[in-house]
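Read the structure below first, then the notes.
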Amino acid sequence: MNKKQTDLLSYDQQHVWHPYTSMSEPLPSYLVESAAGVYINLASGEKLIDGMASWWSVLHGYNHPKLNAALIEQSSKVSHVMFGGLTHEPAIDLCKTLIKISPEPLQKVFLSDSGSVAVEVAIKMAFQYWISKGKTSKNKMLTVKNGYHGDTFATMAVCDPVTGMHHMFEQVLNKHYFAPAPKTKIDQPWQADDTAELEQLFIAHHDSIAAFIIEPIVQGTGGMRMYHPNYLIACRDLCTQYDVLFIADEIATGLGRTGKLFACEWANISPDIMCLGKTLTGGYITLAATLCTTDVAEVISNGEAGCFMHGPTFMGNPLACAVANASLSLLLDGNWQQQVQSISSYLSKYLLPLSSHQRVHDARVLGSIGVIECTQKVNMSNIQKRFVELGVWIRPFGKLIYIMPPYVTTNEQLACLIQAITTVLDEDDSFIAEIRK
Ligand SMILES: Cc1ncc(COP(=O)(O)O)c(C=O)c1O
């Protein structure tokens with residue numbers, strides 16, 4: 001690396017926070033110069049195959065000519081304008097498409113800046129719905145353990161109590177109801193008692209529960225757990241029976257990642273409120289959406305306030321909406337089902353056999369998601385460094401080494417990702433033993 005690049009990295013280490021990283025003992029960061037297709041190009045010269053799709057978001061690859069063109073074209077018209085009292089074609093087109101492709105009862109769209117905000121909006125919608133109906137006692141959320149819905153305070157309060165840091169923020173987080181995480185795996189015979197404790201919570205507390213929130217089919221950050229569709233069907237039935245709104249957080253799963261356009265389709269259910277994010281712009285710019293039914297929107301709008309009480313400055317940003325429209329047309333006019341199916345078959349054939357490796361507890365695949373659960377926690381900085389040497393970008397956490405590559409990833413590129421995972425598993429214990437205090 002040249003002096004400028006070394007200075008940049010040194011400044012970064014001293015002054016720039018990275019996600020979940022210490023400022024006094026930061027994990028190393030790698031300086032990116034560019035990215036194209038499925039490759040991330042580092043300033044130090046390495047060209048890495050991206051196994052993470054920048055945390056689930058990149059679908060069609062980096063530096064895509066159609067997405068670039070959409071941004072450039074929109075920037076010459078209007079890059080941003082407030083959404084209060086003004087509207088524009090990119091946002092209208094986007095909402096039209098989202099309504100067309102999502103479960104039919106979802107008819108209203110609230111655009112926002114990020115996944116966490118989309119979930120905040122969903123939770124606020126649920127609370128305001130019941131306030132508007134005069135049922136102010138319905139002021140709690142119900143969810144399941146091992147969930148992840150974001151890092152802001154309302155979302156942290158519905159994340160898994162341990163990984164969601166409830167203990168640390170005990171004094172500031174709202175208290176909600178938690179059922180055990182779904183147990184029956186997606187490929188196991190359904191065990192009807194899986195929802196027994198959840199049902200008890202509905203029975204005991206439905207008068208105080210505004211909404212139930214869950215990541216459909218795959219619990220992502222909370223352990224990459226793939227659970228049985230019947231669990232979701234039971235949740236939908238319980239919500240209907242006990243007059244509780246159903247929020248599906250499709251921020252990670254939405255737009256094809258699990259092999260269905262929306263993960264709710266595995267169970268053929270429709271939520272009352274649905275959150276989308278990450279993939280909306282094909283990984284280009286932050287944008288999220290919260291969709292709801294006409295009933296939710298009308299009750300809120302006919303309530304005391306007469307409107308929904310939320311309005312971010314960058315709501316409906318035209319650049320983000322334009323690139324989202326371009327990304328959605330690439331997805332919907334393209335062959336995403338075949339792409340995801342092809343990744344799925346390849347991972348099933350070549351990643352799943354790693355389940356017999358002595359350092360592996362379990363291997364699983366769903367759609368274009370491949371997961372290796374190790375027997376012990378991984379050493380993040382050692383393993384990351386080795387992956388970079390091996391020419392791939394894979395960022396494990398806890399015991400999990402997982403990939404969810406862009407849909408355009410070829411079999412040869414998948415082979416490199418799987419080979420790199422096999423190498424770190426084979427090589428030596430320093431990758432699989434947690435050394436950080
Ligand atoms: C299911 C789910 N919900 C919400 C979020 C939060 O999204 P963001 O990081 O854009 O705030 C994430 C992010 O990983 C997620 O996976």
Side-chain angles (χ1 to χ4, degrees), residues 17-21 51-59 102 110-126 141 143-160 163-165 173 176 178 181-182 211-227 231-232 235 246-258 260-264 266 271 273-291 310 312 314-315 317 320 323-324 327 366-369 371 395-398 400 402-404:
W17 287 106
H18 285 265
Y20 290 97
T21 298
M52 306 303 296
S54 280
W55 277 335
W56 311 76
S57 64
V58 175
L59 302 183
S102 57
F110 192 100
L111 298 169
S112 63
D113 324 50
S114 73
S116 299
V117 176
V119 177
E120 293 269 338
V121 164
I123 292 173
K124 197 191 269 187
M125 272 182 186
M141 298 291 295
T143 187
V144 291
K145 290 188 181 160
N146 285 81
Y148 178 76
H149 300 284
D151 280 355
T152 53
F153 278 89
T155 61
M156 258 200 297
V158 287
C159 289
D160 181 81
T163 54
M165 302 161 285
L173 285 181
H176 298 301
F178 285 84
F212 170 73
I213 183 166
I214 193 163
E215 296 155 272
I217 297 296
V218 183
Q219 294 189 289
T221 308
M224 304 298 289
R225 305 174 79 253
M226 297 148 182
Y227 63 88
Y231 193 94
L232 273 186
C235 295
F246 187 122
I247 303 175
D249 179 349
E250 292 255 14
I251 286 164
T253 50
L255 303 186
R257 181 58 72 182
T258 67
K260 308 273 185 195
L261 196 54
F262 300 103
C264 282
W266 283 97
I273 301 175
M274 181 169 89
C275 305
L276 297 174
K278 290 189 184 283
T279 45
L280 256 191
T281 63
Y284 259 55
I285 319 185
T286 181
L287 179 70
T290 308
L291 286 84
H310 210 91
F314 285 99
M315 183 168 180
N317 174 262
V323 78
S327 175
L366 179 69
S368 53
I369 309 166
V371 183
R395 191 168 170 85
F397 71 86
L400 301 173
Y402 64 102
I403 53 174
M404 68 294 254

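For ligands, and for the atoms within them, numbers begin at 1 and follow the listed sequence.
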| task | Say whether E215, considering both its backbone and side-chain N or O atoms, lies within less than 3.5 Å of an N or O atom on ligand 1. | result | no
| Can S57 and S54 be counted as having a side-chain donor-acceptor contact under 3.5 angstrom? | no
| said: For ligand 1, which is the ligand I care about here, please tell me if A252 has any N or O atom under 3.5 Å from one of the ligand's N or O atoms. | reply: no
| request: State whether the shortest distance between N or O atoms of W56 and N or O atoms of ligand 1 falls below 3.5 angstrom. | output: no
| query | Which distance, rounded to the nearest 0.5 Å, do you find between the OH of Y231 and the CD1 of I214? | reply | 5.5 Å
| Any donor-acceptor N/O pair, T21 side chain to P19 backbone, under 3.5 Å | yes
| note | Contact region, Y148 to ligand 1, non-hydrogen atoms below 4.0 Å, reads both
| query | side-chain hydrogen bond (donor to acceptor under 3.5 Å, both in side chains): which pairs involve residues 214-223, sequence neighbours left out? | reply | Q219-R225
| query | So, does T290 use its side chain to make a donor-acceptor pair with the main chain of A118 at under 3.5 Å? | reply | yes
| query | With atoms numbered from 1 as shown, which atoms in ligand 1 lie under 4.0 angstrom from a non-hydrogen atom of K278? | reply | 12 (C), 13 (C), 14 (O), 15 (C), 16 (O)
| said: Considering both backbone and side-chain atoms of S116, is one of its nitrogen or oxygen atoms within less than 3.5 Å of a nitrogen or oxygen in ligand 1? | reply: yes
| message | Just verifying a value: how many Å separate L287 CG and S112 OG, rounded to the nearest 0.5 Å? | response | 7.5 Å
| query | Atoms of ligand 1 less than 4.0 Å from D249 heavy atoms? | reply | 1 (C), 2 (C), 3 (N), 4 (C)
| message | Heavy atom to atom 7 (O) of ligand 1, shortest distance: which of P19, S114, G115, G150 holds it? | response | G115
